[in-house]
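What follows is a set of notes on a single structure, which appears directly below.
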Amino acid sequence: MPPNLKLNAVAFISPQNHPILIRTFSKQDDHAIKYHYIAHTSLDVIEERVAAAGKAADCYLGLLFSMEDVAVYGYITPLKVKIVIALPLSDMVVRDTEIITIFKALHMAYYSSIANPFLKLSYSGEGSSEQAALLAVGSPKWKNFKRRVDEISWLVGQPSNP
């Protein structure tokens, strides 16, 4: 990976378009609301791309849009969980293979957390769908998932070995 590639934010969004996890990696907390906005605005673009591609759609949706100083990329899992990442805009070329690798790592981190048979989801019974149970990512039981997302972000920011 190029040494300047860095994740600004990662968002996991349920099939019902509820945020599962929005994690920011910028040093300033005042940018957190900006990345929530970016995650929500990317949903419209994702829906358009999925509808246009039909059933033969690829999981990787490519560059969704660029805004101010951020490039936003999208990915949709086979179970319709959407993953959105925000990268800082720069003059360097970002190859799709690098972005796809990041998405696959994030997808596997999510899948590993969901597939854990010992993870008891905090489900209050108020939600009408099964995905409502996934919205409890803020609980301490999900710390391994958050840690994996943080590790992936840290690894992306590391310089590559020649």
Side-chain angles (χ1 to χ4, degrees), residues 1-115 131 134 137-138 142-162:
M1 304 240 171
N4 294 337
L5 192 62
K6 177 183 170 291
L7 289 178
N8 281 359
V10 175
F12 290 84
I13 303 164
S14 75
Q16 291 80 23
N17 295 336
H18 300 292
I20 296 171
L21 174 70
I22 299 178
R23 195 87 166 148
T24 60
F25 303 106
S26 61
K27 299 206 185 301
Q28 300 170 342
D29 287 338
D30 56 337
H31 289 301
I33 193 74
K34 171 184 173 182
Y35 294 113
H36 280 262
Y37 174 75
I38 287 172
H40 287 289
T41 55
S42 66
L43 292 176
D44 293 332
V45 181
I46 290 172
E47 287 177 9
E48 288 175 8
R49 296 241 178 124
V50 170
K55 293 192 178 200
D58 189 23
C59 289
Y60 176 62
L61 301 173
L63 177 68
L64 300 177
F65 60 90
S66 57
M67 172 179 139
E68 296 174 6
D69 58 342
V70 177
V72 181
Y73 293 86
Y75 185 90
I76 187 165
T77 68
L79 294 176
K80 307 299 182 213
V81 173
K82 300 151 194 88
I83 305 172
V84 176
I85 62 172
L87 301 172
L89 280 178
S90 66
D91 292 338
M92 66 177 216
V93 176
V94 178
R95 295 183 300 212
D96 280 345
T97 55
E98 296 165 349
I99 302 299
I100 291 170
T101 303
I102 295 168
F103 276 124
K104 286 184 178 181
L106 290 168
H107 183 193
M108 287 308 299
Y110 178 75
Y111 175 75
S112 297
S113 296
I114 295 299
Q131 292 294 330
L134 300 179
V137 174
W142 287 88
K143 67 181 177 184
N144 286 335
F145 175 55
K146 290 183 194 176
R147 185 181 45 81
R148 285 184 186 129
V149 171
D150 290 345
E151 286 173 358
I152 292 167
S153 172
W154 182 80
L155 287 172
V156 167
Q158 295 301 309
S160 61
N161 294 331

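On a predicted model such as this, the values are computed, not experimentally measured, just so you know.
- Counting heavy atoms from C-beta outward, T77 and Y111 have side chains that stay 4.5 Å or more apart.
- D58 and L61 make their closest contact through O-CD2, 4.0 Å (heavy atoms, listed as atom of the first residue, atom of the second, distance).
- For residues 70-93, every residue pair satisfying the ring-ring contact (aromatic ring centres under 6.0 Å, His included) rule, not counting sequence neighbours, is listed here: Y75-F103, Y75-H107.
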Table please: side-chain donor-acceptor pairs of residues 80-88 below 3.5 Å, with sequence neighbours left out.
unit_1 : atom_1 : unit_2 : atom_2 : d
K82    : NZ     : S14    : O      : 3.3
K82    : NZ     : N17    : OD1    : 3.1
K82    : NZ     : K80    : O      : 3.4

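- For the pair S113 (side chain) and A109 (backbone), a donor-acceptor distance under 3.5 Å is present.
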Margin query: Using side chain to side chain donor-acceptor pair (under 3.5 Å), reason through S112 and R148 one step at a time and then give a plain yes or no.
Written below: CA-CA 10 Å; S112 297; R148 285 184 186 129; 4.7 Å; no

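- Between the CG atom in L79 and the CD1 atom in I114 there is a gap of 10.0 Å [rounded to 0.5 Å].
- In this structure the side chain of H40 reaches within 4.5 angstrom of the side chain of L43, judged on heavy atoms.
- Going from atom CZ of R95 over to atom CD1 of I100 covers 11.5 Å, rounded to the nearest 0.5 Å.
- Here the CD1-CZ distance, from I152 to R147, works out to 10.5 Å after rounding to the nearest 0.5 Å.
- Here the closest heavy-atom approach between residue R49 and residue L63 is recorded as NH2-O, 2.8 Å.
- Once rounded to the nearest 0.5 Å, the distance linking OG1 of T101 with CG of L106 reads 11.0 Å.
- Within the 4.5 Å cutoff, no side-chain heavy atoms of K34 are placed close to those of T24.
- Between F25 and V10, the closest side-chain pair of non-hydrogen atoms falls below 4.5 Å.
- When every heavy atom of S42 is checked against every heavy atom of L64, the shortest pair comes out as CB-CD1, 3.8 Å.
- Looking only at side-chain heavy atoms (C-beta outward), Y110 and L21 stay at 4.5 Å or farther from each other.
- Shown here is F65, whose CZ atom has more than 12 heavy atoms of other residues, nucleotides or ligands within 6.0 Å.
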